[in-house]
Amino acid sequence: MRRAITALALLALLPAASAQTPPAATQTPPAGDIRDMDTLVVTGEQPGPGLWKVMRGGHVLWILGTVTPLPKDMTWLSRQVETTIADSQEVIAPPSVSLGTELGMFRTMMLIPTALKARKNPDGKTLDEVVPADLYARWSVLKARYIGRDGGVEKWRPIFAAQELYEAAIKQSGMSLKGVVQPVVEKAAKQHGVPVTEARVTLKIDDPKATLKEFADSAMDDRECFAKTLSRIETDLEAMRARGNAWAVGDIATLRTLPQGDQYRTCLEALAATGVARRLNLGDLRQRVSANWLAVAEEAIAKNNSTFASLPVSDLLENGGLLDRLRAAGYTVEDP
């Protein structure tokens, strides 16, 4: 799942409009506050990784593992994936979640002011009032480096402020959160007439305006999400660059050795603990999304000679993850 603070836009129904990021402050943080990064990101044309192969009865599911972020100035040589899609009978889209409402486009646009309000702390509180002093001190150093003087973000809930900081840090580190794989997959599928099957869990919202207002007025203990995001920025940027490089050059062995840091799960847990999320049955959302993808994949393998899919590398390498569950169900899995 993308990951997924945009899943906060699930509750906001529309992606929260990003504040324009001003230039980073010229002030240099004290030595030791932020670790210097020595890893240079790769550039130019790169092959990307090979494909995982899931087999049963002569039927094959090819899976491309994806990584985010990736080197900003890399060009992915996607010929293997395009050829595999051309030879397949079906493409499975990555696992996803959507919110269903019965509103038309105009009425949906009318929800934007409420969505933006939901992004802010209740009662007009600022970050220094809702997070511990030590966390706020760390935030201030990182904000000065990666965001600058933008004061609006100080009024946001910690979970949203942390994501804004994370995206700014990624951008300044020579990496990009922009999707590289999916546009290529969609273009190849369309070009070769291969149907794309969504692996999507849809949540129905009967009264989106009331849901947004409930979320805007509700408390959320997202301090752990805030803290984990700060820690990732302080300590994991170099590892993220190394992961992006390993994906670009197709080095699966190195990807296995690098920590698959992910603050999003902690952030989603904070989201799922809110009253509105419990009412919407979001507590087991990740499990439901995984189970839905597995059901779609097994059906595709049974009916097609060849199927193509893409999944985050972290999901593929995780103990007990999707590949392990396919192995347990009797499928043969070959690594790239």
Asks: So does V42 get a backbone contact from the side chain of N245, meaning a donor-acceptor N/O pair under 3.5 Å?
Replies: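 Present.
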Asks: Kindly give the heavy-atom pair with the smallest separation between Y146 and L165, and that separation in Å.
Replies: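 Scanning both residues, the minimum pair turns out to be CB-CD1, 4.0 Å.
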Asks: With a 3.5 Å distance limit and no angle check, can you tell me whether Q46 reaches the backbone of T43 through a side-chain donor-acceptor pair?
Replies: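 Present.
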Asks: Between K178 and K72, is there a donor-acceptor pair closer than 3.5 Å when you use the side chain of the first and the backbone of the second?
Replies: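 Absent.
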Asks: Could D236 and R243 be called an ion pair, given the rule that one side-chain N must be under 4.0 Å from one carboxylate O?
Replies: yes
Asks: Under the 3.5 angstrom rule, does the side chain of T257 hit a backbone N or O of T254 as a donor-acceptor pair?
Replies: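 Yes, T257 side chain to T254 backbone: donor-acceptor pair under 3.5 Å.
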Asks: Does the side chain of L70 reach to within under 4.5 Å of the side chain of S176, using non-hydrogen atoms?
Replies: no
Asks: With distance as the sole test, does D123 use its side chain to make a donor-acceptor pair with the main-chain N or O of K125 at under 3.5 Å?
Replies: no
Asks: How about Q89 and K303: do any of their side-chain heavy atoms sit closer than 4.5 Å?
Replies: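 When only atoms from C-beta onward are counted, K303 and Q89 do not touch, as no gap falls below 4.5 Å.
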Asks: How long is the span from the CD1 atom in I170 to the CZ atom in R241, to the nearest 0.5 Å?
Replies: 9.5 Å
Asks: Do W139 and V131 have side chains that get closer than 4.5 Å, going by heavy atoms?
Replies: no
Asks: Could you tell me whether the side chain of P69 reaches within less than 4.5 Å of the side chain of Y166, counting heavy atoms only?
Replies: yes
Asks: How close do A309 and L61 get, heavy atom to heavy atom, and via which atoms?
Replies: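 Reported closest heavy-atom pair: CB-CD1, 4.0 Å.
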Asks: Could you point out which residue of T307, V54, N305 forms a side chain to side chain contact (heavy atoms under 4.5 Å, CB included) with H59?
Replies: N305
Asks: Compute whether any side-chain donor of one residue and acceptor of the other, for Q80 and T83, lie under 3.5 angstrom apart.
Replies: no
Asks: For the side chain of E45 and the backbone of T75, is there at least one donor-acceptor N/O pair under 3.5 Å apart?
Replies: no
Asks: Give me the atom names and distance for the closest heavy-atom approach of L237 to S173.
Replies: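 So the two residues come closest at CD1-OG, 3.7 Å.
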Asks: Between K53 and V333, is there a donor-acceptor pair closer than 3.5 Å when you use the side chain of the first and the backbone of the second?
Replies: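 No, the answer is negative, given that no donor and acceptor are paired below the 3.5 Å cut-off.
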Asks: Evaluate the side-chain proximity of E82 to V184: yes if any heavy-atom separation is below 4.5 Å, no if none is.
Replies: yes
Asks: If we ignore angles and hydrogens, is there a donor and acceptor under 3.5 Å between the side chains of W156 and Q163?
Replies: no
Asks: Write out all pairs satisfying side chain to side chain donor-acceptor pair (under 3.5 Å) with one or both partners inside residues 180-199, taking only residues at least two apart or from two chains.
Replies: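 For residues 180-199: E90-T197, E198-R200.
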Asks: Do L51 and V81 have side chains that approach each other closer than 4.5 Å (heavy atoms only, starting at C-beta)?
Replies: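 Of all side-chain heavy-atom pairs linking V81 with L51, at least one is under 4.5 Å.
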Asks: Do the side chains of Y136 and T126 get nearer than 4.5 Å, heavy atoms only?
Replies: no
Asks: So how far is it from L323 CG to E318 CD, rounded to the nearest 0.5 Å?
Replies: 10.5 Å
Asks: Roughly how far apart are E298 CD and W293 CH2, rounded to 0.5 Å?
Replies: 9.0 Å
Asks: Around E299, counting heavy atoms of other residues, nucleotides and ligands shown, do more than 12 lie under 6.0 Å from its CD?
Replies: no
Asks: Out of curiosity, D251 CG to R256 CZ, how far, rounded to the nearest 0.5 Å?
Replies: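 Reported to 0.5 Å precision, the distance equals 11.0 Å.
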Asks: In the structure I gave you, are the side-chain heavy atoms of L311 and P95 within less than 4.5 Å of one another anywhere?
Replies: yes
Asks: How long is the span from the CZ atom in R157 to the CG atom in N121, to the nearest 0.5 Å?
Replies: 6.5 Å
Asks: If I take atom CG from residue L135 and atom CZ from residue R223, how far apart are they, to the nearest 0.5 angstrom?
Replies: 9.0 Å
